Trainee: 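Got a structure here, written out as structure tokens. Questions coming.
What you see is a predicted model; the values in this text were computed from it and never measured. Hydrogens, waters and symmetry mates play no part in the numbers below; they use all other heavy atoms, side chains included. All ligand and atom numbering here is 1-based and tracks the order in the structure.
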Amino acid sequence: MGCFEQHHADAAGRVGELTLPGHDDPLTTPTLLPVINPNIDTLPATAIVDEFDPDGLITNAYVIFRHDDLRERALKEGVHGLLGVDCPIMTDSGSFQLAEYGAIDVDNEEIVSFQIDINSDICTPIDVPTPPGASYDRAAADLETTLARIDAASAIVDDDRLLSAPVQGGSHPSLRESAGRAVRESGAYLFPIGAVVPLMTDYRFAALVEVVIAAKQGLNPAAPVHLFGAGHPMMFALAAALGCDLFDSAAYALYARDDRYLTVNGTRRLDALSEFPCACPVCTEHTPDSLEAADEIDRERLLSRHNLHVSFEEIRRVRAAIRSGNLLELVDRRARAHPAMLDAYRRLLDDWEYLEMSDPVIKDTFLYLSSECAHRPEVHRYHDRLSGWGATGQVVIGDGTTATDDVIQMELRPPFGPIPPGLEHTYPLTAEVPDRFDSCAYEAAAEGVAALADGSPTAEITVTVDGWPTSALERLPETVRTVEHGDPYAEE
Ligand code: GUN
Ligand code: ZN
């Protein structure tokens, strides 16, 4: 059996350790499993292990099965012998080929048995990746097939390895959630979220957020989750914040073949670069010109290595961010890479209740870096707290008075709103905020005042609203008195 321990949490993300049968060293998650195509040796598994020391690799059992020489060698030496490495190896089943080409010439039991025979560490059945646009009925029928194949695989897979149970369901959140619930009892230990590659290649990251949250809501929160085919470093922080623990990708190699250079801010064409913005060994020893002049195989190998360097660098940065409680700040920065990433970040914050369940109550810092930060789970959670505060008598929020025995004076701090005495120095009110607020910060502050008013029906609340936009004023309940400029009693 496997073992997954979570050590640090941030948003819905976590740093954990996944131990596999037969391997002493656990995988530290979130992590990236580079995809190895055993037919291509531009950058072989041995070179990747030597240079990057990955937690594990992923390869395709169907590709091995289909080629006589690879199949014979894998059956004789195991998949570790075939690739020449002893790190954990996950195998995929050919589902992706099924989705691409419509048919494959192996059945589920056969390819699962083959994965056992070649001693894969994590086996995968032939799930059916339903494309994003498919109808509910088709997605439901595909899902039924997938679940039956997971059950059949579970009956075959022994204790020396783990079974992965892909979560399908197309773009139908209710199906994704029921798929997540259905695989809980399947005997599988790792849960990849499938059929998301088309969403990623089309930059439909907000739709991806929806699919992942729906699947996660069905899955056991303690289970390790893999995001199938996620390999662009631009999206690791977002995917980790959603609660994905493993990524795999051929992107490093596929992009390299196309002379494309990965960065955390998106993909660049090699010929559009005059300098490398990266300090990896490839980028320090070469220039874009020298790479352009290199022969095709060398260029592809060098670009693949750079692409893996930025990918692993980002994985380490994501883990560090989770450990320090600033993953959402990293997601916020990555959201600036592309409007579709910004959309995804906003979509994630729309589901703040999902994030709030696991987001730590106390962190070191909260940096207010964009108007999106007004929608962070900490702000919503604080507002929930305000609505339970239950003030009575006179409450004055904002500048202008000194507290007396009959007046409760509260500071007003966008995006949080009123700060009851004594709470000033507690997280998240310790947030670092700019002097110049955006309207979302004022709107959130108004929601804070409204939450306080909601839970304090007998209190007489006055709030100073200097500089507030109409959109914030509109969020205040009518029972709250507003004053502008200075002493709230000045107008009496
Ligand atoms: N690789 C990328 N997407 C998928 C998927 O949905 N299923 C499987 N098995 N592999 C994938
Ligand atoms: Zn580089």
Side-chain angles (χ1 to χ4, degrees), residues 33 35 37 51-52 58-63 90-101 104 106 108 111-112 115 120 122-132 134 139 142-143 145-146 149-150 153 163-171 176 179 183 188 190-201 208 211-212 215 225-233 244 246-252 254-256 260-265 267-268 270 273 275-288 290-291 299 301-314:
L33 310 178
V35 173
N37 183 336
E51 186 163 2
F52 301 96
I58 181 167
T59 190
N60 195 310
Y62 177 63
V63 171
M90 177 173 177
T91 44
D92 201 352
S93 56
S95 297
F96 199 58
Q97 285 74 8
L98 176 69
E100 288 280 292
Y101 311 115
I104 50 173
V106 67
N108 185 52
I111 199 69
V112 173
Q115 293 174 67
S120 163
I122 304 174
C123 306
T124 311
I126 305 180
D127 52 310
V128 184
T130 306
D142 285 354
L143 177 56
T145 307
T146 294
R149 289 180 183 168
I150 293 167
L163 173 64
S164 82
V167 177
Q168 298 289 350
S171 338
R176 289 283 184 173
V183 294
L190 174 70
F191 303 92
I193 297 173
V196 290
V197 170
L199 298 177
M200 295 187 282
T201 46
L208 174 75
V211 159
V212 174
V225 172
H226 179 129
L227 192 60
F228 253 144
H232 200 301
C244 298
L246 291 150
F247 309 111
D248 76 84
S249 183
Y252 75 93
L254 298 175
Y255 283 71
R260 287 189 290 172
Y261 178 96
L262 297 182
T263 83
V264 292
N265 294 313
T267 311
R268 310 280 173 259
L270 180 60
L273 293 172
E275 293 181 85
F276 285 136
C278 169
C280 84
V282 175
C283 297
T284 44
E285 286 161 25
H286 300 82
T287 64
S290 72
L291 229 61
R299 187 165 67 243
R301 183 177 302 122
L302 289 163
L303 278 174
S304 293
R305 288 176 53 212
H306 158 80
N307 289 346
L308 277 176
H309 274 291
V310 281
S311 299
F312 280 108
E313 183 183 344
E314 182 70 353

Trainee: Check for me whether the distance between the ring centres of Y261 and F276 falls short of 6.0 Å.
Mentor: yes
Trainee: Give every protein N, O or S atom lying under 2.8 Å from the Zn ion (ligand 2), naming each by residue and atom.
Mentor: C278 SG, C280 SG, C283 SG, H306 ND1
Trainee: Within the side chain of T146, is there an N or O that forms a donor-acceptor pair under 3.5 Å with the backbone of V128?
Mentor: yes
Trainee: Taking all heavy atoms of D127 and all of S95, pick out the closest pair and write down the distance.
Mentor: OD1-OG, 2.6 Å
Trainee: Please tell me whether F247 and H226 form a close aromatic pair, meaning their ring centres lie under 6.0 Å apart.
Mentor: no
Trainee: Check salt bridge (Lys or Arg N to Asp or Glu O under 4.0 Å) between R299 and all other residues, then give those that pass, not counting sequence neighbours.
Mentor: D259
Trainee: Show the atoms of ligand 1 that are less than 4.0 angstrom away from any heavy atom in Q168.
Mentor: 5 (C), 6 (O), 7 (N)
Trainee: Working note: Q115 + T91, criterion side-chain hydrogen bond (donor to acceptor under 3.5 Å, both in side chains); need CA distance, chi angles, decisive distance, verdict.
Mentor: CA-CA 7 Å; Q115 293 174 67; T91 44; 2.7 Å; yes
Trainee: Starting from atom 6 (O) of ligand 1, find the nearest protein heavy-atom neighbour and note its residue, name and distance.
Mentor: A195 N, 2.8 Å
Trainee: Whether the side chain of D248 engages the backbone of L33 through a donor-acceptor N/O pair (distance < 3.5 Å, no angle test) should be reported.
Mentor: no
Trainee: Heavy-atom contact under 4.0 Å between P166 and ligand 1?
Mentor: no
Trainee: Considering non-hydrogen atoms of the protein only, which is the closest contact for atom 7 (N) of ligand 1, and what is the distance?
Mentor: D127 OD2, 2.7 Å
Trainee: Between F228 and ligand 1, is there a nitrogen or oxygen pair with a distance under 3.5 Å?
Mentor: no
Trainee: Need the ligand 1 atom indices (1-based, order shown) with element for anything under 4.0 Å from a heavy-atom of P129.
Mentor: 6 (O)
Trainee: What protein heavy atom sits nearest atom 2 (C) of ligand 1, and how far away is it?
Mentor: F96 CD1, 3.6 Å
Trainee: Indicate, with yes or no, if the rings of F52 and H309 have centres closer together than 6.0 Å.
Mentor: yes
Trainee: H232 vs T267, test: side-chain hydrogen bond (donor to acceptor under 3.5 Å, both in side chains). Steps then yes/no.
Mentor: CA-CA 9 Å; H232 200 301; T267 311; 2.8 Å; yes
Trainee: Answer yes or no: are there more than 12 heavy-atom neighbours, outside E275 itself, under 6.0 Å from its atom CD?
Mentor: no
Trainee: When you compare ligand 1 with D92, is there at least one nitrogen or oxygen pair between them that comes in under 3.5 angstrom?
Mentor: yes
Trainee: Which of the atoms of ligand 1 are close to V197, meaning less than 4.0 Å from one of its heavy atoms?
Mentor: 2 (C)
Trainee: Are any non-hydrogen side-chain atoms of I150 and V183 less than 4.5 angstrom apart?
Mentor: yes
Trainee: With heavy-atom distances below 4.0 Å as the criterion, list the atoms of ligand 1 near S95.
Mentor: 7 (N), 8 (C), 9 (N)
